[in-house]
Amino acid sequence: MSRHGIPHNSWTSLSIRTGSLLYLAVMVILPLVALGVQAAEPGPWAFWNEFTNPFAWHALKLTFTTALAMVAINAITGTATAWVLVRYDFPGKGFMNALIDLPFAVPTVVTGIMLVALYGPTSTLGAIMGQSGFAVIYQVPGIILALLFVTYPFVIRSVQPVLYEMDRAEEEAAATLGADDWTIFWRVTLPTLWPAIVTGSALSFSRALGEFGSVVMVAGNRPLATKTGPMYIFGEIESGNRHGAMVVSVVLLTCSLGILIVLNRLQRRGDESHGR
Amino acid sequence: MTQVLLSGCGSSGPTPSGADTLTIGAYSVVREALHDGILPAFRAQWKARTGREVRFEESYNASGAQARAIRSGFDADIAILSLEGDMTLLVKQGLVKESWDKGPNRGMVTRSLVVIGVRDGNPKAIVDWSDLAREGVAVLYPDPKSSGGARWNINAIYGSGLLAAQGDRAAGLAQLASVQKNVVNMDASGRQSMATFDRGTGDAVVTYENELLLQRKLGRGAAPYVVPNSTLLIESPAALVEASIERHRNRQLAEAFLEFLTSNEGQEVLVKYGFRPLDPSIDNPARPPLPTGLFTMKDLGGWPKIKKDVYDAGGIWDSLFIGSQVTNRGK
């Protein structure tokens with residue numbers, strides 16, 4: 001029972017394990033099971049009907065595509081930001097580092113209002129963009145923008161510690177052997193960072209699937225155009241179609257869970273191949 | 001079942017302080033009129049009549065959410081809701097008497113009109129629903145899926161098209177579709193829609209007259225609006241929640257309050273907050289008279305029919321978008 005030389009009372013160990021499993025069950029598993037049961041109750045045919053309803057289908061598709069677009073951008077910009085914070089020294093670095101987490105502290109509705117004020121049709125920038133056919137607010141790009149803001153810290157915060165701890169001897173060895181900067185990054189640095197980038201991306205993706213407060217302010221919420229899954233769920237609950245809302249929730253959650261499991265596997269494989 | 005739930009929470013009987021307590025569950029739009037106007041006025045009247053103090057417990061929420069809260073055990077003595085259908089929900093649960101709508105006002109306590117809020121000076125020269133369909137006019141109204149109260153707005157646009165064509169649903173649909181194509185943003189509630197308009201988005205907002213007049217009263221600008229000649233009279237109900245009254249033993253107080261709401265004194269307070277009175281003769285003479293083409297939900301066949309025709313799955317509301325998707329594909 002005692003691992004790593006830490007003495008364990010087997011009774012304490014058992015109760016801690018039972019306790020944390022129970023806590024997980026009560027906090028996460030129980031509500032999810034209740035949701036699943038209620039969604040499944042009217043039968044597979046009813047479930048299928050709600051799932052293939054064009055409004056539900058479009059909302060789900062929009063939620064996934066915008067979340068994927070956000071992840072693609074975040075994976076690159078987040079890694080670059082972490083890189084800058086770890087590898088460079090410049091005045092105000094500490095302040096910049098502190099700013100990174102701020103998007104978590106801003107109420108999402110405020111995020112939405114702020115984005116509308118900045119890029120909305122009444123702002124100078126938004127008016128210019130609108131006239132040139134690149135309207136952001138009340139269009140799909142606005143949704144991606146809101147998601148980028150609310151998930152901003154995830155990739156940075158998972159890549160940053162890995163970069164800090166990274167042994168630079170490998171990079172130096174590659175440089176000595178004549179590799180250029182780009183090759184070093186691509187062949188030496190990135191493979192080490194990869195699992196961290198995947199973790200950060202997975203977290204931001206899951207977070208994005210359920211995002212409501214900011215998206216509802218910027219999306220425009222037009223059915224079959226800019227209405228996302230969470231807004232669809234809210235509308236169906238308010239108009240008395242609880243089952244339709246639950247079906248869409250279950251689909252969102254299942255996909256989210258599936259992606260987390262797959263990424264978890266990928267990450268573990270990455271860890272193993274790097275001897276971690 | 002509900003009875004068991006209800007008896008399981010909260011205390012019963014008069015409060016120990018000796019004051020009479022009345023719990024009100026209302027829809028959000030009446031908040032200011034109730035909290036700042038009706039409640040103080042009724043408190044004074046009750047004090048003069050009985051010598052006793054009234055303590056109010058107030059809850060404001062979207063009409064549907066409020067009805068669901070009361071159904072699940074929120075012990076409001078009085079339910080003031082936006083939609084008749086939300087009251088029907090409480091009747092079905094046995095919380096409100098089936099005869100709630102049999103009185104002289106059919107259970108209705110607040111009235112308003114569906115109007116079009118415009119920008120200062122009405123730069124887009126909007127006077128009627130057809131102007132909302134013009135190219136380059138950006139329109140706002142809330143999503144009728146997430147906001148029950150938004151259905152008043154949709155019904156007004158749909159209904160004016162419907163009635164102009166002697167009840168031809170296709171004409172109603174066409175009118176609604178022509179406006180919907182100019183809608184830039186659909187907020188989750190009427191208040192949010194108003195806020196979006198205030199922040200500068202859109203040329204026109206379809207909303208209730210009292211919401212715009214409240215903006216003026218609160219000093220948030222001139223809030224200019226136009227009353228389309230053919231528009232819908234909004235009539236919202238209030239009723240006693242029998243189960244709560246039995247438990248709180250405050251029937252006399254609750255009945256007096258409901259009576260006050262429909263009395264001229266109560267209605268005059270509501271007029272100050274922008275509502276139209278039940279009795280047109282006490283209306284504020286300074287504001288636009290009721291339009292000649294005013295219609296009611298009864299003229300449209302009643303709420304159950306409209307719910308089925310317009311809002312149920314596969315109804316007119318859904319077909320607006322399925323239709324537009326088909327044309328988009330064809331392009």
Side-chain angles (χ1 to χ4, degrees), chain A residues 46 49-50 52-59 61 109 112-124 126-127 130-131 135-139 142-143 212-213 215-228 230-245 248, chain B residues 61-68 71 83 85-86 88-89 119 138-151 180-189 192-193 195-203 307 310-315 317-329:
Chain A
N49 270 343
E50 288 294 349
T52 53
N53 164 327
F55 295 94
W57 182 247
H58 185 275
K61 223 168 51 183
V109 176
I113 291 180
M114 182 192 71
L115 291 175
V116 172
L118 269 177
Y119 306 108
T122 50
S123 70
T124 323
Q131 274 156 19
V136 170
I137 300 302
Y138 309 129
Q139 304 293 343
I143 302 173
F212 181 77
V215 170
V216 75
M217 304 298 292
V218 302
N221 309 314
R222 295 185 307 282
L224 295 186
T226 58
K227 195 184 222 182
T228 64
M231 182 64 186
Y232 176 82
I233 292 168
F234 179 63
E236 293 309 295
I237 287 176
E238 287 299 314
S239 54
N241 179 14
R242 250 166 68 107
H243 184 237
V248 172
Chain B
N61 208 334
S63 181
Q66 189 64 271
R68 286 199 303 273
R71 189 182 59 178
L83 308 179
D86 292 331
T88 314
L89 196 73
R119 295 287 170 203
V139 180
L140 298 179
Y141 49 62
D143 185 346
K145 284 273 181 187
S146 57
S147 157
R151 295 185 175 186
Q180 176 66 36
K181 78 173 188 333
N182 279 347
V183 170
V184 287
N185 178 38
M186 299 171 76
D187 281 293
S189 76
Q192 282 172 23
S193 208
T196 303
F197 189 69
D198 274 347
R199 285 195 297 269
T201 298
D203 302 305
K307 182 180 175 294
V310 181
Y311 301 106
D312 278 358
W317 180 255
D318 280 1
S319 70
L320 281 181
F321 306 98
I322 303 289
S324 71
Q325 199 190 34
V326 171
T327 43
N328 281 345
R329 270 189 196 146

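Note that this is a predicted model, so its numbers are computed, not measured.
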Quick one: do B:Lys145 and A:Glu236 make a salt bridge, cutoff under 4.0 Å?
yes
Any salt bridge linking B:Asp143 with A:Arg222? Criterion: basic side-chain nitrogen under 4.0 Å from a carboxylate oxygen.
no
Using non-hydrogen atoms only, which part of A:Ile113 is less than 4.5 Å away from chain B: side chain, backbone, both, or neither?
side chain
B:Arg199 CZ: over 12 foreign heavy atoms closer than 6.0 Å:
yes
Shortest non-hydrogen separation from [X] to [Y] and the atoms involved:
| X | Y | answer |
| --- | --- | --- |
| A:Asn221 | B:Asn185 | ND2-OD1, 4.2 Å |
| B:Ile322 | A:Pro54 | CD1-CG, 3.4 Å |
| B:Arg151 | A:Ser239 | NH2-CB, 3.4 Å |

Roughly how far apart are B:Asp318 CG and A:Asn53 CG, rounded to 0.5 Å?
7.0 Å
With B:Thr201 via side chain to side chain donor-acceptor pair (under 3.5 Å) - residues at least two apart:
A:Tyr138
Hits for salt bridge (charged side-chain N to carboxylate O under 4.0 Å, His left out) against B:Asp198, two or more places apart or cross-chain, chain-then-number order -> none
Would you mind reporting whether B:Ser147 and A:Glu238 have side-chain heavy atoms less than 4.5 Å apart?
no
